[in-house]
Structure formats: C-alpha cells, structure tokens
Amino acid sequence: MLQVATRLLFAALLLSAATAPLQAQTNTTLLVNIDHRAATSLNGDWHVIPDQYATGLYDFHQNLRKDGFFMNAPFDPNGHPQDYNFANAPTLKVPGDWNTQRADLLYYEGPIWYQRDFEHTAAKRDTRTFLHFGAANYRTFVWVNTKKVCEHEGGFTPFDCEITSVLKDGKNFVVLSVDNTRIADGVPTLQTDWWNYGGLTRDVSLVEVPQQFIDDYDLHLSRTDHSLIEGYVHVEGAPSGTQVTVDIQELRARTQATVGADSRAPITLPAKSPSLWSPENPKLYKVDLSSGPDKITDEIGFRTIETRGTQILLNGKPVFLRGISIHAEAPYRTGRAYSQKDVDTLLGWAKELGCNYVRLAHYPHDERMTRTADRLGLMVWSEIPDYWALQFDNPAVLAKSKQQLTEMIRRDRNKASLILWSVANETPNTEARTKYLTTMVDLTHQLDPTRLVTAALLVRTEKNTGGGTTKIVDDPLGKALDVIGTNEYIGWYEQHAEGADTTTWDIRYDKPLIMSEWGGDAKAGNHAPAGSTTPALWTEEYQAEIYHHQIAMLNKVPQLRGTSPWLLMDFRSARRVNPGLQDNFNRKGLISDQGQKKQAFFILQKAYKEKSLGKPE
C-alpha cells in the first residue's frame with residue numbers, strides 16, 4: 001500500500017487532468033436545514049499550502065494546467081514534486097479564517113490549498129452523498145480522489161458538491177483551493193470596510209441522503225388567515241405523484257400532498273390557534289417533514305410581517321425595531337465569527353442592550369446566528385454584499401448577486417426571525433445601479449413574497465432656512481423597496497454632534513424608515529479630561545455625545561420605525577489605519593473587540609429599555 005504522502009502526491013499529479021475550465025458556477029443542489037440532518041463533520045485540522053501565484057492551477061505562461069497538476073515543479077529523486085507535499089504541510093483549523101490563525105497570513109490575499117483524508121463506508125443503495133460547505137471565501141475549487149466535483153464563487157453562502165460517484169469504501173481525500181483575492185467583478189468588489197478573511201470559514205461536512213430527498217421547503221403563516229400554514233415542499237429527483245407529509249404534533253396539524261411535474265408539493269395546513277412568534281414570545285414548533293425514506297425535522301416559528309403606510313406590522317400589530325448592526329467578527333479572539341460561543345456572545349450583548357432586532361451586515365452570517373435569533377426573539381435584517389460600487393452595468397456581476405441572494409434566501413427562508421432581506425448598502429445613485437438593484441428587489445419578492453425588502457441608502461443634504469441642514473430621502477431605488485433604510489453619520493463624517501439638533505428630515509416616500517446606520521468612533525478606555533465640556537474625537541465621551549444628540553433628533557423623524565446604529569462591536573478593517581487609535585479596526589462599536597463596554601452602550605441601552613427612542617407600538 002502506498003504511504004499517505006506518496007498517494008497524495010501521485011493524486012496531485014492527476015488533479016488538473018480532471019479539471020474543467022475554472023469558472024465559478026452555481027451548484028444545482030443546495031441542501032437546506034443541513035444542521036438538522038445526520039452528517040459527518042470534516043471540521044478540524046486540514047493541511048494547507050499557500051500558493052499566491054496559483055501555480056497549482058496555472059503554468060508560468062498563465063495557461064490553465066490541463067495535463068498535470070504541479071507538473072512543472074522540480075522533482076526529487078523519487079519523482080515527487082518537491083514544492084507541494086501535503087503530508088509535510090502545516091495545518092489550520094477548519095472552520096476558521098487563515099488570517100488570524102497564523103501571523104504571516106494576516107494580510108494574505110490569494111489561493112491556499114487545503115487537504116485532508118477522511119474515512120467513508122460505502123453508502124447504502126439508492127443514496128447520494130454531498131460535501132457541504134457552510135461558506136468559503138471567496139472562490140473555491142474542489143476535488144475528491146483526484147476528480148473535480150464542484151466550484152463556487154461567493155464568500156458567505158453555503159454550497160454543496162455531490163461526490164457519490166467518486167467516493168471509495170475506506171480511505172478518501174479531498175483537495176481544494178480557496179482564493180480570497182478581491183476582484184473587480186466580484187460581489188463584493190475591490191473596496192470593503194471589513195477584513196477580507198480567507199479560507200474555510202464555516203463548517204464542512206459529509207451528508208448522505210436518499211436518492212429522492214427533501215432539498216427545499218417553505219412553511220409560513222398566511223397573512224390573511226392566522227390559522228393557516230401554507231407553502232411548499234420540494235423533493236429533489238421525485239416524479240410527479242410522490243407523496244409528502246408535514247406534521248406539527250403540538251398543533252395537531254398534519255397534511256399530505258403530492259408533488260407535481262416540478263417536484264414541488266403545495267402545502268395548505270390548517271392550524272388552530274398557533275402561538276405566534278414575536279420578540280416577547282419566540283415560540284418555535286417542531287415540524288416533521290417526510291417523503292418516502294427521507295425524513296427531516298425543523299423548529300419553525302410562525303408569524304407575519306408586512307407594512308401598512310409608514311408602519312411595520314408584526315402579526316398585524318405595529319412594531320418599532322430597536323436594533324444594532326453587527327459584523328460577523330469573533331469577540332475576543334477576533335477573526336470570522338463561526339462558533340455557537342461567538343453567536344451567544346454577540347447576540348447576548350444585543351439582548352443586554354435591549355434590542356428586539358439586529359442588522360446582520362454586510363453579508364449573510366453563519367446559520368447559527370439566525371437559528372439563535374429565532375430562539376432569542378431577535379428580528380433580523382440579512383443582506384448580500386451588493387456593497388458600495390459594484391460593476392452595475394456588468395451582466396456577469398448581476399448573475400453573481402442573484403446567486404448569492406438565492407442561496408441566502410434558500411438557507412434561511414424558514415427562520416421566523418428573518419423579517420428583512422436587504423439587497424444593497426450605500427450604493428451610488430446612478431441609472432445603472434437603480435436598474436440593477438430594482439432587478440434584485442423584484443427577484444427577492446419572487447423568491448420570498450412573505451418578507452419585506454430593504455436596502456441601506458445614502459441621503460442628500462441641503463442647508464435649511466433655519467441655519468441647519470435637511471436630510472432628503474429621495475433615492476429612486478426607494479420606489480421598489482418595502483422599507484427604506486438610510487445611513488447617516490452626523491457628528492462623525494459631517495458636522496459636530498450638535499449638528500443633529502438643527503437637522504430636519506424630508507422623506508419623499510410614504511413608507512417605513514429604518515435609520516440603518518449612525519454613530520461614531522471611540523477607542524475603549526480613551527477618555528476626555530475630567531470636567532471637559534468639549535470632548536475630543538475618538539474619546540468615549542464624544543461618542544456618547546453623538547448618541548445623546550442623535551436620539552433626540554431621531555425621535556423627531558415622523559416615519560422612523562427602527563434604528564440599527566453602527567455598531568455592536570469593533571471589527572477589523574484594512575481601511576482603518578490611524579496608528580494608536582484604529583490599528584486596522586473600525587472603532588464604532590459600542591463594545592470593544594475585547595468586550596469592554598463604552599459609555600455609548602449604556603446611553604442606547606437606557607433609551608431602548610425605557611423605550612424613549614422610537615414611537616410607542
């Protein structure tokens with residue numbers, strides 16, 4: 001038997017022979033509710049080799065290697081490529097970004113090769129096996145036992161590679177390339193205000209399912225009849241007439257339906273007096289779904305979300321969203337958040353702050369965040385990274401946005417906490433952008449007509465007759481949105497904190513408004529001198545002043561139906577280079593990355609808990 005190192009190196013020579021042109025694609029199958037299926041975890045130590053020039057994919061003339069993986073590398077006397085030996089390579093933990101696991105990779109952008117062995121027992125007949133990735137940033141190419149099985153573009157959404165035909169009984173191995181290089185036609189594009197964490201940043205697992213299996217479903221409460229649950233169940237590979245059962249024992253509700261030619265079974269399930277999900281009552285029901293040999297269980301809350309004029313209605317009643325924005329940054333250790341401990345800390349702080357809502361910016365977070373928000377009763381805004389200046393006139397970029405939107409919605413459509421899908425943040429007001437994002441809004445409504453669609457918009461500023469300023473909300477994208485989100489930074493990027501006192505708002509849409517970002521920076525522990533009446537920038541006292549003045553101003557905005565100030569916790573950003581104050585961190589957090597609460601935390605906490613910010617429900 002070949003030794004592990006020898007086998008891997010010989011396999012490496014074959015990989016690119018099985019490699020199709022490396023162009024990102026949407027996988028045809030995306031498993032949902034993956035955390036409720038039996039799975040074999042592939043988390044743990046993976047061998048890694050950084051390959052900044054992508055030598056394993058391209059030769060020195062930048063041609064895709066077609067006749068031998070690493071074929072031009074120097075060889076040792078045994079015929080093994082000297083430059084690539086996974087058995088001798090160091091390891092990184094998966095899930096996890098590479099940047100914070102090794103000091104020499106903190107700023108690294110480029111491909112890194114990952115490899116690990118795994119054992120597999122031959123599956124039963126009529127089963128299929130998938131390799132599931134919670135997320136990998138940004139472009140990923142995957143081989144199993146030398147055979148290319150899939151590729152994916154997008155750093156924050158899940159994907160699955162079917163590997164049924166390439167598995168062996170016993171020892172197997174997977175090799176993949178993850179490349180976090182920022183690209184002009186990417187989503188996001190070259191400029192972001194967060195750290196470009198690379199690698200296998202979320203769980204990796206093997207999942208076995210029957211030949212025909214439930215791969216997607218949507219079960220939600222009817223907006224017009226709160227005693228009716230409706231939706232569909234899709235059974236992958238099922239012929240017309242296949243039976244589907246949905247059972248909610250606690251509600252004594254059970255129904256059977258049959259799939260049509262599209263393998264989808266429409267569901268209409270009477271449910272007498274369900275306890276409706278809300279922040280005060282985050283009730284989840286155990287829901288059993290089955291079709292043939294496939295059975296899956298979920299925990300689902302039932303509620304409605306809609307608008308009426310300038311109001312947001314939860315279960316038919318007006319609600320004010322007392323929230324905070326959150327990046328998927330790990331508390332204390334920093335790096336990409338992925339663990340339940342990370343989630344419990346971040347959302348625990350949000351609950352301590354008095355929030356009933358969180359904005360998960362600027363990309364889909366780990367599924368643990370939305371699962372936990374379901375349990376805690378936190379309403380969620382989730383968005384795709386259509387961020388700043390994309391190539392809005394490029395059809396290929398639009399296709400990438402559509403893919404990420406579809407993957408985000410498909411993963412989380414059965415989470416009661418999800419009330420807002422966001423299609424963009426701070427994009428330029430151009431004709432091409434408006435057409436692009438209107439297309440995205442229309443697709444969101446098509447994919448999920450049960451939730452609200454929003455985007456965080458920039459606003460215009462004009463001098464008003466009183467000597468202050470007027471903020472004008474008239475972005476043409478607002479015509480397509482259900483809820484208007486607006487970002488403003490009075491006291492930080494414009495004016496002094498007192499500027500909020502003389503600012504008025506002119507909102508040109510008869511729709512609910514969420515102030516989706518506001519705030520300013522402070523380094524935790526940096527204080528103004530005792531008794532100072534004019535605290536300097538970057539002090540906790542000045543950040544607190546911003547919050548005092550903002551809260552007073554926001555309460556005068558008649559259409560305001562929520563706020564999510566920027567933001568809960570400091571996070572890494574390569575744009576933030578002020579030595580001694582930023583040190584590659586955005587310091588707008590109410591809490592430092594090491595868990596220190598700043599003065600502004602307690603100001604917002606008081607306003608939320610006393611409900612002195614926002615109109616009473």
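Computed from heavy atoms alone, side chains included, the values below leave out hydrogens, waters and symmetry copies. Everything numeric in this text was worked out from a predicted model, so none of it was measured.
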- Message: Between Asn137 and Thr201, is there a side-chain donor-acceptor contact under 3.5 Å, judged purely by atom types and distance?
- Response: no
- In chain order, what residues pass the side chain to side chain donor-acceptor pair (under 3.5 Å) check against Asp366, with sequence neighbours excluded? Arg368
- Message: Distance alone, cut at 3.5 Å: any donor-acceptor contact between the side chains of Ser339 and Asp342?
- Response: yes
- Geometric class of the His327/Trp194 ring pair [parallel <30°, tilted 30-60°, perpendicular >60°]: tilted
- Task: Looking only at non-hydrogen atoms, find the nearest pair between Arg223 and Leu452 and report the distance.
- Result: NH2-CD2, 4.4 Å
- Write down the atom of Lys415, the atom of Asp412, and the distance for their closest heavy-atom approach. NZ-OD1, 2.8 Å
- OG1 of Thr372 to CG of Leu347, rounded to nearest 0.5 Å, is 6.0 Å
- Message: Using side-chain heavy atoms (C-beta onward) and a distance below 4.5 Å, is Glu162 in contact with Val209?
- Response: no
- Tell me yes or no: between the side chains of Asp482 and His445, is some donor less than 3.5 Å from an acceptor? yes
- Task: Decide whether Ser401 and Tyr436 meet the rule of one side-chain donor and one side-chain acceptor closer than 3.5 Å.
- Result: yes
- Message: Let me confirm one number: the CG-CG distance from Asp218 to Leu447, rounded to the nearest 0.5 Å.
- Response: 10.5 Å
- Please report the C-alpha distance between Ser275 and Asn281 in whole Å, then the side-chain angles of each, then the deciding distance to 0.1 Å, and finally whether the side chain to side chain donor-acceptor pair (under 3.5 Å) criterion is met. CA-CA 8 Å; Ser275 180; Asn281 177 50; 2.8 Å; yes
- Between the side chains of Gln446 and Asp448, does any donor sit under 3.5 Å from an acceptor? no
- Message: A side-chain contact here means heavy atoms from C-beta on lying under 4.5 Å apart; do Phe302 and Lys283 qualify?
- Response: no
- Under a 4.5 Å cut-off applied to non-hydrogen side-chain atoms, are Val233 and Ser291 in contact? no
- Does the side chain of Tyr338 come under 3.5 Å of the side chain of Asp203 through a donor N or O and an acceptor N or O? no
- Sub-3.5 Å donor-acceptor pair from the side chain of Ser263 to the main-chain atoms of Ala238, do we have one? yes
- Please check if the side chain of Asp117 supplies one atom and the backbone of Phe173 the other of a donor-acceptor pair under 3.5 Å. no
- Without swapping roles, check the side chain of Arg303 against the backbone of Ala416 for a donor-acceptor pair under 3.5 Å. yes
- What residues form a ring pair (Phe, Tyr, Trp, His ring centres under 6.0 Å) with Tyr217, not counting sequence neighbours? none
- Task: Mark yes or no for whether Thr370, through its side chain, and Glu367, through its backbone, hold a donor-acceptor pair below 3.5 Å.
- Result: yes
- Task: Search all heavy atoms of Asp298 against all heavy atoms of Arg371 and return the closest pair with its distance.
- Result: OD1-NH1, 2.9 Å
- Residue pairs passing the side-chain hydrogen bond (donor to acceptor under 3.5 Å, both in side chains) test where at least one lies in residues 177-186, sequence neighbours excluded: Glu109-Arg182, Arg139-Asp179, Asp179-Thr181
- Message: Under a 3.5 Å threshold, yes or no: a donor from one side chain and an acceptor from the other, between Tyr197 and Glu329?
- Response: yes
- Do any N or O atoms from the side chain of His365 and from the backbone of Ser382 form a donor-acceptor pair under 3.5 angstrom? no
- Query: Are the side chains of Asp294 and Gln212 in touch, meaning some heavy atoms are under 4.5 Å apart?
  - Reply: no
- Item | Distance-minimising heavy-atom pair for Ile384 and Val423 | CG1-O, 4.1 Å
- Check whether more than 12 heavy atoms from other residues, nucleotides or ligands sit under 6.0 Å from atom CD of Gln340, and answer yes or no. yes
- Atom pair OG1 (Thr304) and CG (Leu276), whose distance is rounded to the nearest 0.5 Å: 7.0 Å
- State whether the side chain of Asp97 and the backbone N or O of Arg336 hold a donor-acceptor pair below 3.5 Å, judged by distance alone. yes
- Task: Could you pull out the closest heavy-atom pair between Glu299 and Asp374, with the gap in Å?
- Result: O-OD2, 4.4 Å
- Task: Report yes if the side chains of Leu378 and Ser417 come closer than 4.5 Å at any heavy-atom pair, otherwise no.
- Result: no
- Task: List for me each residue that meets side-chain contact (heavy atoms from CB on, under 4.5 Å) alongside Ser41, sequence neighbours excluded, and say none if there are none.
- Result: Asn43
- Item | Row check, Tyr232 ring normal vs Arg264 NZ/CZ: under 6.0 Å, within 45° | yes
- Using a strict 4.0 Å threshold on nitrogen-to-oxygen distance, state whether Asp35 and Arg411 make a salt bridge. no
- Message: Taking Val187's backbone N and O only, do any of them form a donor-acceptor pair with Gln404's side chain (distance below 3.5 Å, no angle check)?
- Response: yes
- Query: How long is the gap from CG on Leu200 to CH2 on Trp46, to the nearest 0.5 Å?
  - Reply: 6.0 Å
- Message: Ring-plane angle category for His362 and Tyr387, please: parallel below 30°, perpendicular beyond 60°, tilted otherwise.
- Response: tilted
- Item | side-chain contact (heavy atoms from CB on, under 4.5 Å) partners of Pro279, counting only residues at least two apart | Trp277, Leu314, Asn356, Met379
- Task: Would you sort out whether Leu390 and Thr427 count as a side chain to side chain contact (heavy atoms under 4.5 Å, CB included), showing the intermediate values?
- Result: CA-CA 8 Å; Leu390 297 180; Thr427 52; over 6 Å; no
- Query: For the side chain of His234 and the backbone of Asp216, is there at least one donor-acceptor N/O pair under 3.5 Å apart?
  - Reply: no
- Message: Are His120 and Asn145 packed together at the side-chain level, in the sense that at least one heavy-atom pair is separated by less than 4.5 angstrom?
- Response: no
- Item | Residue pair Thr189, Val397: steps toward the side chain to side chain contact (heavy atoms under 4.5 Å, CB included) verdict | CA-CA 10 Å; Thr189 185; Val397 176; over 6 Å; no
- Message: To the nearest 0.5 Å, what is the distance between CD1 on Ile267 and CD1 on Ile229?
- Response: 10.5 Å
- Heavy-atom closest contact (Ser227 atom, Pro274 atom, distance): CA-CD, 4.4 Å
- Query: Counting only N and O atoms by type, is there a donor-acceptor contact under 3.5 Å from the side chain of Asp45 to the main-chain atoms of Thr91?
  - Reply: no
- Task: Kindly say whether Leu284 contributes a backbone atom to a donor-acceptor pair with the side chain of Arg375 at under 3.5 angstrom?
- Result: no
- Message: Could you tell me if Thr157 and Gln403 have a donor-acceptor pair between their side chains, going purely by distance under 3.5 Å?
- Response: no
- Task: With sequence neighbours left out, write down each residue that passes side-chain contact (heavy atoms from CB on, under 4.5 Å) with Leu313, or none if nothing qualifies.
- Result: Glu306, Arg308, Gln311, Pro318
- Between Val94 and Phe133, is any pair of side-chain heavy atoms under 4.5 Å apart? no
- Message: If the threshold is 4.0 Å, N to carboxylate O, is there a salt bridge linking Glu119 and Lys171?
- Response: yes
- Do Trp113 and Gln115 have side-chain atoms, one donor and one acceptor, less than 3.5 Å apart? no
- Task: Check the pair Gln101, Val48 against side chain to side chain contact (heavy atoms under 4.5 Å, CB included), reporting the backbone distance first and the verdict last.
- Result: CA-CA 12 Å; Gln101 293 193 59; Val48 294; over 6 Å; no
- Query: Could you give the distance from OG1 (Thr164) to CG (Leu131), rounded to the nearest 0.5 Å?
  - Reply: 11.0 Å
- Query: Given side chains that start at C-beta, do those of Asn33 and Asn414 come closer than 4.5 Å, heavy atoms only?
  - Reply: no
